[in-house]
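In what follows, a structure is listed as structure tokens, so that the remarks can point back to it.
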Amino acid sequence: MRMESPRFKEAAVEGLNNKHLRMALARSREGFIGGRQRAIDLVPEFERLREEARSIKNHVLDNLDHYLERYEAAVTAAGGHVHWARDAAEARQIVLDICRRVGARTITKGKSMVSEEIGLNPALIEAGYEVVETDLGEYIIQLANEPPSHVVGPALHKTREQVSELFAEHHQRPLKTGIPELVAEAREMLREKFFRADVGITGGNFLIAETGTSVIVTNEGNGDLSQTLPRVHIVTSGIERVLPNLDDLSVLLRVLARSATGQDTETYTTLSTGPRRPGDPDGPEEYHVVLVDNGRSQMLGGRFREMLRCIRCGACLNHCPVYGSIGGHAYGWVYPGPMGSVLTPLMQGLDNAYDLPNACTLNGRCGSVCPVKIPLPEMLRELRHLQHRNRLGPRLQYRALGLWRWVALRPGLYQFGNRLAARMLAWMGGKRRRIGSLPIANGWTAMRDLPAPEGQTFIEQWQAQRGKQS
Amino acid sequence: MSGNQQSARDAVLGRIRASLGRGTTDAATAAALDTRINTRPGHTRPAQCGEFVDLFKQRFEARGGTVTRIASREDFPRAVADLLGTLGLPPRIVVGGALAGIVWPQGIEHEVRRAEKTDLVSVSACQLAIAETGSLMFCAGPESPTTHNFVPDYQIVLLDAGTMVCHLEDAWEVLRARGGMPRAVNLVSGPSRTGDIEQTIQLGAHGPRRVFVMVYGTPAA
């Protein structure tokens, strides 16, 4: 998909001015934050589970090569095929080659963030395949020709009225307005596709080295229909998703469901190991896994290794005040919110996503709710350092900082400047003690007044008061 | 594996090792990691499950499923027939191989096979149920075809309380004892649901609109 992070600022303003979006975001925030809290309140062990999830993922990352090799061997032993992709283009090519070889026409897809990341749909459509997203949220945004705005609820920015209009236009049916009727109509439309599909593509939330198993969690069952009915099942997954064994999976499942949707489990958890076996009445005849690197092995080496613990639950998005105000599309690529503000610059280039790490108040909520304890605020700060060191910021910013440094190194001058500014601002504040418009910072005062200072600096007051108290 | 694939594999593994600042793992480390794969790490599990059937029922019904008690396995065919009547459904079911021997009441059309697009009701037995999450576990195969769990509008499941376990880890032990992983293991924790339109929960998104579990017997001590 097109990378639009460079126009973050304009997109953020569009988001702020979109009344539908703000309503949708407010609703989802309540649902996600309250749901998560209620779910973890029922599990006194939750903090310990988070700590264990973190250390399992760290152990895997320290030994990633070994676990991937063991996983590959187990998949092969079960009759499946593992493909390795260095980058997005290679991953797309692998999937295209499989589809061509098996003579596919229709392809159904379960929700997969990696498939968004590698831009799989446009490539398949361009090659002439009918590609159908089957997660209801993904289906809605596919009809609307939009990227997902949330990693768990891709269409949460859409209101029911917008969905009604989309369906009426694309299904050529009378307009439905109720949510049950809309869901029923999508079910009917997608059912035809499931049974017609030749290839089903899903993500892989986890890969198990012990058994050569890929795991998906869904609530709709669409991923399961996508992978059970066609002749061929293809899993696209990041290399960091492997786990040593099934017991490790239990811990990750416990933290994932509660963090993502506030449930003690999602409705369907499916463990897939190889293709259909002799005597099986259903299931795919071929089973493929595409292991996607696409920058992950580089991330493993630097200060951003911990980002590879991410299990894509969306909790950091749900708790981020910036995401909650501007929505996911402003971030301009497939991963929004705090996790996206770390991943996008790392995968698409620091200079291509300059605003993302800076669109953060460093309030720390993302880090405090992350089920695998990724220090997201520290990573965002680290990215700012990198941007600064590489001189990627606006030139004016460097000049201003340089000037400030020059003055700050001269305390007499600095204090004189402070005294002058304090008095001037106090004068500007007048009787109301509020400043409605500041000449060089009118961006700040456009939406609110600046409270005016008292007229004396802190140091002046300190010098005056200290004598009285001692 | 094609030449290009082999080189992609080598490149990815090579970059991983370079990032980790080492070469291939030595024999001793590899052996320790293989041991890690094959041992139970003893992670934290949520507190004990109490009465399995009660907890299972509470969790499963919280997600919109239905759990009822039947006195014995022999009562199952009658209970299924009654349920079809109550729901006003045609007396036609597709049955999993594990229940092939059941004698169905007069008038119930039944076929032992996978589920197809036109099947409204599937009837199968699950391998076991997990109390912790309120989940049914199905192992793919003729005994319980995967399509039974996702294709029909209504799913009716026979559960022997004697197979119930407390935690996910207990279910994995059953799979290991069975001699390895089935092609698919489905943990089903209620009817198909979606919240993708305005976060309003709606049942029957793609799979079964309703799931009925009929439990007989008593949990093992």
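Bear in mind the structure is a predicted one, so any value in this text is a computation, not a measurement. Numbered from 1 within each chain, the chains take letters A, B, ... in sequence-line order.
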Inset, instruction - Side chain from CB out, backbone as N, CA, C, O: work out which of these in A:I208 comes under 4.5 Å of a heavy atom of chain B, or both, or neither. - result: neither

Inset, instruction - Compare every heavy atom of A:T267 with every heavy atom of B:R193, then report the nearest pair and how far apart it is. - result: CG-OG1, 3.4 Å

Inset, instruction - Let me know if A:E210 has heavy atoms under 4.5 Å from chain B in its side chain, its backbone, both or neither. - result: both

Legend entry - Pick from A:L243, A:T134, A:L42 with the largest number of heavy-atom pairs that fall under 4.5 Å of chain B: A:T134

Legend entry - Shortest non-hydrogen separation from B:D196 to A:G137 and the atoms involved: OD2-N, 2.7 Å

Inset, instruction - Heavy-atom distances under 4.5 Å only: say whether A:H59 touches chain B with side chain, backbone, both or neither. - result: side chain

Legend entry - chain B interface, residue from A:L156, A:L49, A:N63, A:L190 that has the most non-hydrogen pairs under 4.5 Å: A:N63

Legend entry - Contact check, side chains of A:L68 and B:I16, non-hydrogen atoms, under 4.5 Å: yes

Inset, instruction - Check B:P142 against A:D280 and note the closest heavy-atom contact, atom names and distance. - result: CD-OD1, 4.1 Å

Inset, instruction - Answer with side chain, backbone, both or neither: which region of B:S135 has an atom nearer than 4.5 Å to a non-hydrogen atom of chain A? - result: side chain

Legend entry - Any side-chain donor near an acceptor of the partner, A:D247 and B:H43, under 3.5 Å: no

Legend entry - From B:I197 atom CD1 to A:I140 atom CD1, the distance as rounded to the nearest 0.5 Å: 4.5 Å

Legend entry - Region of B:R15 that comes under 4.5 Å of a non-hydrogen atom in chain A: both

Legend entry - Interchain contact, A:Q263 with chain B, by part (heavy-atom threshold 4.5 Å): side chain

Inset, instruction - Below 4.5 Å from any heavy atom of chain A, which atoms of B:R183 appear? Answer side chain, backbone, both or neither. - result: both

Legend entry - Region of A:E220 in contact with chain B, defined by heavy-atom distances below 4.5 Å: both

Inset, instruction - Among A:A186, A:S250, A:G221, A:A85, single out the residue with the greatest number of heavy-atom pairs under 4.5 Å to chain B. - result: A:S250

Legend entry - Proximity breakdown for A:R160 and chain B, heavy-atom pairs closer than 4.5 Å: both

Inset, instruction - Could you give me the CA-CA distance, side-chain angles and deciding distance for A:T269 and B:N186, then say whether side chain to side chain contact (heavy atoms under 4.5 Å, CB included) is met? - result: CA-CA 6 Å; A:T269 302; B:N186 296 119; over 6 Å; no

Legend entry - Segment of B:N149 engaging chain A (4.5 angstrom heavy-atom cut-off): backbone

Legend entry - Verdict with reasoning, B:M181 to A:L246, per side chain to side chain contact (heavy atoms under 4.5 Å, CB included): CA-CA 11 Å; B:M181 294 297 277; A:L246 292 168; 4.1 Å; yes

Legend entry - B:N38 side chain near A:N245 side chain, heavy-atom distance below 4.5 Å: no

Legend entry - Residue pairs passing the salt bridge (Lys or Arg N to Asp or Glu O under 4.0 Å) test where at least one lies in residues 200-210 of chain B, sequence neighbours excluded: B:D153-B:R209

Legend entry - Interchain contact, A:N219 with chain B, by part (heavy-atom threshold 4.5 Å): both

Inset, instruction - For the residue pair A:E45 and B:T44, confirm or rule out a side-chain donor-acceptor distance under 3.5 Å. - result: no

Legend entry - Side-chain heavy-atom pair B:T133, A:R254 within 4.5 angstrom cut-off: no

Inset, instruction - Taking A:R277 for its side chain and B:G141 for its backbone only, find out whether a donor-acceptor pair lies under 3.5 Å. - result: no

Legend entry - Portion of A:T213 that has a non-hydrogen atom of chain B nearer than 4.5 angstrom: side chain

Legend entry - Side chain to side chain, B:R9 and A:H83, heavy atoms closer than 4.5 Å: no

Legend entry - Rounded distance [0.5 Å steps], OG in B:S19 versus CD in A:Q298: 5.5 Å

Inset, instruction - Answer yes or no: is there a side-chain heavy-atom contact under 4.5 Å between A:I94 and B:Q5? - result: yes

Legend entry - Selection residues 46-67 of chain B - residue pairs positive for ring-ring contact (aromatic ring centres under 6.0 Å, His included), sequence neighbours left out: B:F56-B:F60

Legend entry - Value rounded to 0.5 Å, distance of OG1 in A:T265 from CD1 in B:I130: 8.5 Å

Inset, instruction - Flag the pair B:V12 / A:R296 as yes when at least one side-chain heavy-atom distance between them is below 4.5 Å, and no otherwise. - result: no

Inset, instruction - Please determine if B:D10 and A:R86 form a salt bridge, counting it only when a charged side-chain N lies under 4.0 Å from a carboxylate O. - result: no

Legend entry - Which portion of A:P44 sits near chain B, non-hydrogen atoms under 4.5 angstrom: neither

Legend entry - Choice from A:L300, A:L229, A:V215 maximising heavy atom contacts with chain B below 4.5 Å: A:L300

Inset, instruction - Applying side chain to side chain contact (heavy atoms under 4.5 Å, CB included), run through B:R36 and A:Y67 and close with a yes or a no. - result: CA-CA 10 Å; B:R36 170 71 176 78; A:Y67 284 124; 3.3 Å; yes

Inset, instruction - Looking only at non-hydrogen atoms, find the nearest pair between B:A8 and A:W84 and report the distance. - result: CB-O, 3.4 Å

Legend entry - Check: B:P182 and A:T273 side chains under 4.5 Å, non-hydrogen atoms: no

Inset, instruction - Answer yes or no: is there a side-chain heavy-atom contact under 4.5 Å between A:Y268 and B:L187? - result: no

Inset, instruction - May I ask you to decide whether A:K158 forms a salt bridge with B:E198, counting only side-chain N to carboxylate O separations under 4.0 Å? - result: no

Legend entry - Residues A:S28 and B:Q199: side-chain donor-acceptor under 3.5 angstrom: no

Inset, instruction - Measure distances from A:A257 to the heavy atoms of chain B and classify the residue's part below 4.5 Å as side chain, backbone, both or neither. - result: neither

Inset, instruction - Go through the side-chain N and O atoms of A:D282 and B:T147 and say whether any donor and acceptor fall under 3.5 Å apart. - result: yes

Legend entry - CG on A:D62 to OG1 on B:T25, rounded to 0.5 Å: 12.5 Å

Legend entry - Residues in residues 109-123 of chain B near chain A [non-hydrogen atoms, under 4.5 Å]: B:R114, B:E116, B:K117

Legend entry - Point-to-point distance, once rounded to the nearest 0.5 Å, from CG of A:D224 to CZ of B:F150: 3.0 Å

Legend entry - Heavy-atom closest pair, residues B:P41 and A:D248: CG-OD1, 3.7 Å

Inset, instruction - Mind jotting down which residue pairs meet the ring-ring contact (aromatic ring centres under 6.0 Å, His included) criterion with at least one end in residues 163-208 of chain B? Sequence neighbours excluded, please. - result: A:F194-B:H206

Legend entry - Check ion pair A:D65-B:R22 (N to O, under 4.0 angstrom): yes

Inset, instruction - Name the region of A:L291, side chain, backbone, both or neither, that has any atom closer than 4.5 Å to a heavy atom of chain B. - result: neither

Inset, instruction - Measure across A:R305 and B:L20 and return the closest heavy-atom pair with its distance rounded to 0.1 Å. - result: NH2-CD2, 3.4 Å

Legend entry - Contact origin within B:A11 toward chain A - heavy atom pairs under 4.5 Å: side chain

Inset, instruction - Sort B:A18 into side chain, backbone, both or neither according to what part of it lies under 4.5 angstrom from a heavy atom of chain A. - result: neither

Legend entry - Full working for side chain to side chain contact (heavy atoms under 4.5 Å, CB included) between B:T194 and A:V183: CA-CA 8 Å; B:T194 183; A:V183 173; 4.1 Å; yes

